[in-house]
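Lettering of chains follows the sequences in order, A, B, ..., and the numbering in each one begins at 1.
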Amino acid sequence: MASVIHFCDIKGKSLLSRDYKGDIPSNAVEKFPFLLVESEDDPVSASPVLQFNGINYLYITHNNLYLLALTKSNNNVAQIFLFLHKIANVLTDYFKELEEESIRDNFVIIYELLDEMMDFGFPQITETKMLKEYITQKSFALERTKQSFGPPSALTNAVSWRSEGIMYKKNEAFLDVVESINMLINPQGKVLRSEILGKIRIKSHLSGMPDLRLGLNDKLNNNSKGVEMEDVKFHQCVRLSKFENEKIITFIPPDGEFELMSYRLSTPLKPLIWVDCKISKHSNSRIEIHAKVKAQIKKKSTANNVEIHIPIPEDADSPKFKYSNGSLKWVPEKSIIVWKIKQFQGGKEYAMKAELGLPSVSIDDSSFKVKRPIQVKFQIPYFTTSGIQVRYLRINEPKLQYQSYPWVRYITQSGDDYTIRLNE
Amino acid sequence: MKKVIANITIGNSEMALVFTEVLKLFPIDDFELKKMCYHYLNTYALVKPDLALEALPYILADLKSNSPVLIALALRNLVSVPIKEFIRESVRPLALYLENEDPYLRKTAAYSIARLNEKDPKIVQKEDFIAQLNHTLGDNNPAVIASALTALHDITERSDDLKLTINRDHAVNLVELLPRCDEWDQASILNTVLNFVPEKHEDAFLLIDKTIAQLQHANSAVVLNAFKLLLYLLNFVDFIEDHIPKKLASSLTSLLSKPPEIQFLILRNVILLILSKPTLIPFDVTAFFCEYNDPIYVKDTKLEIIYLLANEHNLDVVLRELEEYGTEVDIQMSRKAIRAIGNLAVKLESAAKPCIKVLLNLLSNGIDYVVQEAVIVFKNILRRYDQYDYIVPEILEQVDHVEEPEARSALIWIAGQYCDKITNPETLIADLTFTFREDPLEVQLSSLTACVKLFLRKPQSSEKHVLKILKWATEEVNNPDVRDRGFFYWRLLSIQDKYPGSAKDVIDSEIPLISGENEKLDPLILEELELNIGTLASIYLKPVGQVFRLAKRKFLPDSPARSREASRSSSRNRVNTVSSTRSIASSENQLPGHTERHIDDFDVPAVNVNQPKKQGNLNRHMSIARKSSGLLSRKLSIRGAFH
């Protein structure tokens, strides 16, 4: 339950606001920039929840904006944060880009949207598809549209995420199974921690009110071989009780793109891309980096757009590179060298050597001692690390009985945190 | 009109002058224009109440239109304008539309009643809206039921004498409704079911069965509210099936892949759970290891969790991880990690030795802030255990790296306390206290004590220096604390001949042991926080009444289904409330500028971090609240009679 929603610029000054309850003085937001500065000064207390004078300031950042919710009562914080994220999503869908400029250009429609998305501090409709059906950027007179005009009945139906009467010439559903790998590897190649964050995204171009049933090769169904998923989270369209009792995933999908489910696996994994890196420092004059990278995946598979970020001291310069494949670049702003390999076939191994000069007088000796890890990015198409597979996707529209075409794609990629620690 | 709205948006207050012009636009039949007019009306109704009244007929006309969207708009705005006439006029349409055939309007009407209640609770009671909302709970549309329920919940939360009670059938019905509701409604329904008090174990089991599926919802608000409800229900069962705690744990850890703000919330709640139900929910410590790109507040909270979860079994992994953080790029992080290692050594006796090894390792790094932090925690470790004094010389080697007051005063304390263990302590202490006159208070105080300690143990060699310091303290320092301590020591020393040993008894006596059990929160507070999982109070980890003055306090209600042992222990807690909260009060009432450092003034990780900054007012408020806590417990016993 948020009392007021503000959009603030990068300094924390309010650009636009909507008051839902009227229990917070309108000048409360003027304190926000000061609170921000204060929390930056003291990183210990920096958090997305600030409190002053009995008013709680909850904010998220989006491009050059702060989305801020003010509240006085003890609320479900997840609801507020999630709602702020949803606002960002919806407005991005409406304006392509949500930033200071687009707020200034579209304030009327933003007011309209805020009106519909929240009532008295309670979130209402947050699906862009549904909102777009009755809040458009064009103005229109009520007289002409009197008959058809009204909120889509779906809003208050059991299936609040899909309206009736959707028609496609060709009925298709595209499934993307995306697995992001997070891994922490020590310098000796031992995996300290690994997890798979999987997502199944669906783009549905289906007519009517189709009922879908998804079959996976998870352990939930056949106990022997299959994938055991630990934490599964489903889109609101999935019938959770059906899954809980019978382990069947059934749903009426929203129209267009959405994330059907996400899952997490923390099974131990071998590194998919392994970098063996040695950095040696020679008497304060230069630094030498030897790195070998190996794609430890099936020979048939290929990793695309592999990027390896190797940290170097901040004051290093004049790099000299020797390498067989890909391209090497020095990025002084981030104090890293980036090794890019467009296509990396399974089982192959490449090596490189880099030499950088160091100033004879080091500014701050400790800057080299603090460790930053190597970060790796990659994508491997047609492959899931967990081995999960879509067995079938049955599409059934009881009234229309059309033929439909499900498509499935698999991809494994690096997560936010695929890192290899360096030796000192 | 767009221009007018634009001006409102930038806060141009002169726009109130065009009120009459805007009024002319009101009857025009254009939806976008109407919305803008309403927005304008809402902003300036209070500035020009007489003009606002002229808009009333237009609103009433809109209420009779046949477009549901327009009616809803008019209805919402009618109750938002805090003018008497508006409120009076809103009563009839509200009652009317609560019965309307369009669910969208019923829903809007329900929310509007909640809004009306905020403006004028009397009228809501007079017009019997509560009974009407109750009636609406029997609606056939789930969205309408949810909104009526939310409205009722909001109304009862605000009122002292109304209480939302949900009986068994209602609770079951509501939970069965969940699959047919949209995600936000699910979240609020789950929240309200918390008002149901199960009388039998079977009822609780039934609800648990029906709710547990919601843990797998993609919406984290739903997950958290389901979590809260489940945890609450678990109080009313006689045994807990194995898979439930596991499910609860994994439902939270899986939310750690959400945006950082949500992560932060989850992590704070994990702390709460570790403190309140350490044995119930099995968290895996590796799930909380920091990622390189985590924002600092997430890392910080994870670090606390790692510390709290550390035990004999995972010590190896934890320590290795903490050592990594010790050399992190981020200085704050690195410091916190070192402090965590130190606290760990104090908390777990078996961990002390490996922790010390890691710390010595870090110490040899020679990075200033690492060394300083390490020195501070070493002081605590030495206080806790006697057998590790062999590390003293190694610590004192780092003298050159130590500059910050806290670290210096720790170092000086070590030097003074262990002056027998080091070679040539006289020069060392003389060096350390050389800048005495310019040092900050904290350092001055510990310097004084250290010098006198040294003198008591080695009177011959240090007499000259002690006299110099005492002279400085009493004659050249302006701070009364330092001066008083100086005089006090001086007199103690000068009566040594008459009462031998007296100075030693006071200054250099056996030091009281410290323990690592500082992270406990009051069980009653924990109980209340558990009922507030996912809310702001769970982020602050503070009793609800302390953060939110107007909020109703929540207690775990008694019921025959509550396991007997649990209810007995909690009633005991209630009797204890007065004394235990008072002890918190005394420790919190220390003024922020109060720099006197108790030797047992430990870093209390779980409770200290991320507290809201301005506490002066709150504390004062708290102490008032506490005075009346005797009343509170009396009230509680009355509550008991109801069940």
Indicate whether the side chain of A:Tyr59 and that of B:Glu261 have a donor and an acceptor atom separated by less than 3.5 Å. no
Given side chain to side chain contact (heavy atoms under 4.5 Å, CB included), test A:Val49 with B:Tyr540 step by step and report yes or no. CA-CA 9 Å; A:Val49 181; B:Tyr540 301 131; 3.4 Å; yes
Contact check, side chains of A:Thr126 and B:Trp184, non-hydrogen atoms, under 4.5 Å: yes
Approximate separation, where rounding is to 0.5 Å, of A:Phe234 CZ and B:Gln216 CD: 6.0 Å
Quick one: list whatever passes side-chain hydrogen bond (donor to acceptor under 3.5 Å, both in side chains) with A:Lys21, sequence neighbours left out. none
Out of curiosity, A:Leu192 CG to B:Phe289 CZ, how far, rounded to the nearest 0.5 Å? 8.5 Å
Which portion of B:Lys119 sits near chain A, non-hydrogen atoms under 4.5 angstrom: side chain
Turns out that what part of B:Leu73 lies under 4.5 Å from chain A's heavy atoms comes down to side chain
Distance check, rounded to the nearest 0.5 Å: B:Ser112 atom OG versus A:Phe120 atom CZ? 9.5 Å
For A:Ser262, enumerate each residue passing the side chain to side chain contact (heavy atoms under 4.5 Å, CB included) test, keeping only those at least two apart in sequence or located in another chain. A:Lys199, A:Lys233, A:Glu259
Portion of B:Asp154 that has a non-hydrogen atom of chain A nearer than 4.5 angstrom: side chain
Looking at B:Glu183 and A:Lys86, is there a salt bridge between them, counting it only when a charged N and a carboxylate O are closer than 4.0 Å? yes
What distance separates B:Asn77 CG from A:Asp115 CG, expressed to the nearest 0.5 Å? 7.0 Å
Please state whether the side chain, the backbone, both or neither of A:Arg239 comes within less than 4.5 Å of a heavy atom of chain B. neither
Counting neighbours of NZ on A:Lys31 that are heavy atoms of other residues, nucleotides or ligands and sit closer than 6.0 Å, is the number greater than 12? yes
Examine whether an atom of B:Ala187 lies under 4.5 Å from a heavy atom of chain A, and if so say whether it belongs to the side chain, the backbone or both; otherwise answer neither. neither
Measure distances from B:Val223 to the heavy atoms of chain A and classify the residue's part below 4.5 Å as side chain, backbone, both or neither. side chain
Among A:Gln79, A:Arg193, A:Glu195, A:His235, who wins on heavy-atom pairs under 4.5 Å with chain B? A:Arg193
Euclidean distance, B:Lys107 NZ relative to A:Phe122 CZ, rounded to 0.5 Å: 12.0 Å
Taking the side chain as every heavy atom from C-beta outward, state whether B:Pro259 and A:Phe81 have any pair of such atoms under 4.5 Å apart. no
What I want to find out is whether A:Glu244 reaches B:Lys247 closely enough, with some N-O distance under 4.0 Å, to be called a salt bridge. yes
If you compare all heavy atoms of A:Ala78 against all heavy atoms of B:Ile262, which two are closest, and at what distance to 0.1 Å? O-CD1, 4.0 Å
So how far is it from B:Ser254 OG to A:Leu265 CG, rounded to the nearest 0.5 Å? 11.5 Å
Given heavy-atom pairs under 4.5 angstrom as the criterion, report whether the side chain, backbone, both or neither of B:Arg320 touches chain A. side chain
Donor on one side chain, acceptor on other, B:Asn191 and A:Asn76, under 3.5 Å: no
Taking C-beta and beyond as the side chain, do B:Thr253 and A:Arg264 meet within less than 4.5 Å on heavy atoms? yes
Of all the heavy-atom pairs spanning B:Ser257 and A:Leu197, show the shortest one and how long it is. CB-CD1, 3.8 Å
B:Asn219 vs A:Gln236, test: side chain to side chain contact (heavy atoms under 4.5 Å, CB included). Steps then yes/no. CA-CA 8 Å; B:Asn219 184 316; A:Gln236 60 164 325; over 6 Å; no
Per-residue contact mode, B:Leu255 against chain A (heavy atom under 4.5 angstrom): side chain
Among B:Ser251, B:Ala287, B:Ser188, single out the residue with the greatest number of heavy-atom pairs under 4.5 Å to chain A. B:Ser251
Could you tell me if the side chain of B:Tyr111 sits less than 4.5 Å from the side chain of A:Gln124, heavy atoms only? yes
Thinking salt bridges, do B:Arg115 and A:Asp119 make one under a 4.0 Å N-O criterion? yes
Would you check, one step at a time, whether the test side chain to side chain contact (heavy atoms under 4.5 Å, CB included) holds for A:Leu58 with B:Leu536? CA-CA 10 Å; A:Leu58 289 79; B:Leu536 279 167; 4.0 Å; yes
Look at B:His217, B:Lys210, B:Met333 and state which one has the largest set of heavy-atom pairs under 4.5 Å with chain A. B:His217
Under 3.5 Å side-chain donor-acceptor pair for A:Asn74 and B:Thr535: yes
B:Glu321 bridged to A:Arg421 by N-O distance under 4.0 Å: yes
